[in-house]
Every structure is written in structure tokens, then in C-alpha cells.
Protein chains: 2
Amino acid sequence: MAQEPYFHPDLDAISLADVLHALSDPVRLAIVKSLAPGEETAWNAFMVGVAPSTLSHHMKVLRNAGIIANRRDGMRCIVSLRPELSARFPDLLETVLRLLPEAA
Amino acid sequence: MAQEPYFHPDLDAISLADVLHALSDPVRLAIVKSLAPGEETAWNAFMVGVAPSTLSHHMKVLRNAGIIANRRDGMRCIVSLRPELSARFPDLLETVLRLLPEAA
DNA sequence: TTCTATATTCGATGTTCGTCGAACACGAAA
DNA sequence: TTTCGTGTTCGACGAACATCGAATATAGAA
């Protein structure tokens, strides 16, 4: 039995409050901050100082909020930002990302 | 004995996560949505469907996050957005406010 | 002073959240 | 098949949260 693909919600079903909530945690902000737009990052490249199970939990929150996409590559997991989020909430993530370095 | 003035935190002491958390609740988003920039609104003008004690709680959360300012006018309370927030987090509240009507 | 209107604080309740370690599932390698 | 590398899920815990009604504090009116 093949492994289940990751569930990525339809962005139309996501509210602004959902996205803001997902972005309101320091660990999750650190994750998003280390994701350059348009690029893919390996799961194990995140140095956010939490246990693997906790990191997995935060990934799921970000995924359910439509912010990130996860993809399996054999044994590993590849993470990236969901570009469609900008169509649903224009400038939101861009603004947060721009403010992040100075005000984590 | 005069009533204590409202406490308004220094915006430098507020993190981006704090602001995003304050904005991640539907009731608080409804409050912010009904506050036109540069204008003052009476406390009892908010129709957000919660008990007065709950509304008071949410006002405090928004105030502690540097998003709103409260001012006493005799027996009543006047609420407004804090314009300095735009200096600390440029475009953040503006972006959220712009996205609010369509995606509450 | 007594009463009324306005908002805050308090106490309680049930929910959600962040965190961890242990156990698990899967793919790949030995 | 057995073992190893990678994340995920589960169960538990304490902390934080949203909500309400009751009690309280204050300012102004009667």
C-alpha cells in the first residue's frame, strides 16, 4: 500500500483568521521565514529547536492553513510555499515575510 | 479617586507574532474591521455578538497587542486604531483590513 | 445621596494549543 | 528479510484561550 499523499486544502475554504492563526506562532514563523518563495526545502533542514514530532505538528498546521505544500520524494519530505495563497490573500504573506527579519 | 487610564504598551516591545495572534480571532477581526482608520468609535457601537465581558476581553487583547487605543470620555469608552502600528509593522494592518471584507 | 448607565474584573467551564516521548508506517538499503 | 533513515501519529500533560454571568467600580443624573 502506497503512502497517502499529503492533504492540501482548497484555498477558498480557508479564512483569513485561519491563516493569521497559523502565522501567530514563533516556531511556525521561523519555518515560513526559512522558506524562500519558489524554492523547495528538505524537511530535515529546519533548525527551529523543537522535537521532530512538534515540527511535524507545525507543518501540518501550516499545510492545513494553505501556507505550505509538502511533497514526498522517496524517503524524504520536501516543503515549499503555496504560491496560490497570493491569489486568495494578495500581499498577506509577502508583507509578513518582509516584516519577519526585524520583528520575529 | 480617578479611574486608571488604559495601559498602552510600547510598540517596540511587541512582536509580529503577538500582533498576528491578536488578529487571528474572528471576533477581534470584526472589531478591527469596524474601526475606520483615523476615526473614533464608541465602545457600545460594536455589534459582534458576544457578551459585554467577552467584548471587554477582546478589547484588552487588541490593546495589549498595540492595535487599538482606548480613551475614556466620562462614563463611556472611545476606541480607535493606533496609527503608530504602521511605523512598527508597515502595511500589515492595512493589508489585513483590505482583505477583511471578502475573507472574514 | 441614591439610582442608572457603562464597562471591567472575577470565577468558572470547556476547548484549543504547544510540547514531548513512544510507537508506528513507509521506503530504501544491506 | 532485516535493518536503518524519515517523518507521522498517538497519548498525555500543563498552559493559554474564549466564553459567560455575577459582582464590582466609576461617572453622571435625579
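Below, read A as the first sequence line, B as the second, and so on, with proteins coming before strands; counting in each chain starts at 1.
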Protein-nucleotide distance ([X], atom [atom1]; [N], atom [atom2]), rounded to Å:
X: A:H58; N: C:dC20; atom1: NE2; atom2: P; result: 8 Å
X: A:N64; N: C:dC17; atom1: CG; atom2: P; result: 11 Å
X: A:Y6; N: C:dC26; atom1: OH; atom2: P; result: 13 Å
X: A:L55; N: C:dG21; atom1: CG; atom2: C1'; result: 15 Å
X: B:W43; N: D:dT26; atom1: CH2; atom2: P; result: 18 Å
X: A:H21; N: D:dC17; atom1: NE2; atom2: P; result: 10 Å
X: A:D25; N: C:dT16; atom1: CG; atom2: P; result: 18 Å
X: B:R28; N: D:dT19; atom1: CZ; atom2: P; result: 8 Å

> Within less than 4.0 Å of OP1 or OP2 of D:dT8, is there a side-chain N or O belonging to A:S56?
Replying inline: yes
> Looking only at side-chain N and O atoms, does A:T54 come under 4.0 Å of OP1 or OP2 in C:dG18?
Replying inline: no
> Does the side chain of B:L29 come within less than 4.5 Å of A:L20's, by heavy atoms?
Replying inline: yes
Is [X] touching bases, backbone alone, or none of the nucleic acid, heavy atoms closer than 4.0 Å?
X: A:V50; answer: sugar-phosphate
X: A:F46; answer: nothing
X: B:H57; answer: base

>> Taking atom types as they are modelled, would you say the side chain of B:S53 forms a donor-acceptor pair with the base of D:dG21 within the 3.5 Å cutoff?
In response: yes
Identify each donor-acceptor pair in which a side-chain atom of residues 64-71 of chain B lies under 3.5 Å from a protein atom, sequence neighbours left out, and give them as a table.
residue	atom	partner	partner atom	Å
B:N64	ND2	B:K60	O	3.3
B:R71	NE	B:E40	OE2	3.1
B:R71	NH2	B:E40	OE1	2.8
B:R71	NH2	B:E40	OE2	3.4

> Considering only D:dG21, D:dG5, C:dT6, which nucleotide approaches the side chain of B:A51 most closely?
Replying inline: D:dG21
> A:K60 has a side chain; which of D:dT9, D:dT8, C:dC20 sits nearest to it?
Replying inline: D:dT9
>> Judged by each residue's nearest nucleotide on DNA chain C, which is more toward the 5′ side, A:V27 or B:N44?
In response: B:N44
>> Do A:E39 and A:S80 pair up side chain to side chain, a donor and an acceptor below 3.5 Å, judged on atom types alone?
In response: no
>> Please tell me whether B:R63 and B:Y6 have a donor and an acceptor in their side chains that are separated by less than 3.5 angstrom.
In response: no
>> Would B:E84 and B:H8 count as a side-chain contact (heavy atoms from CB on, under 4.5 Å) here? Give the steps.
In response: CA-CA 12 Å; B:E84 322 98 277; B:H8 293 103; over 6 Å; no
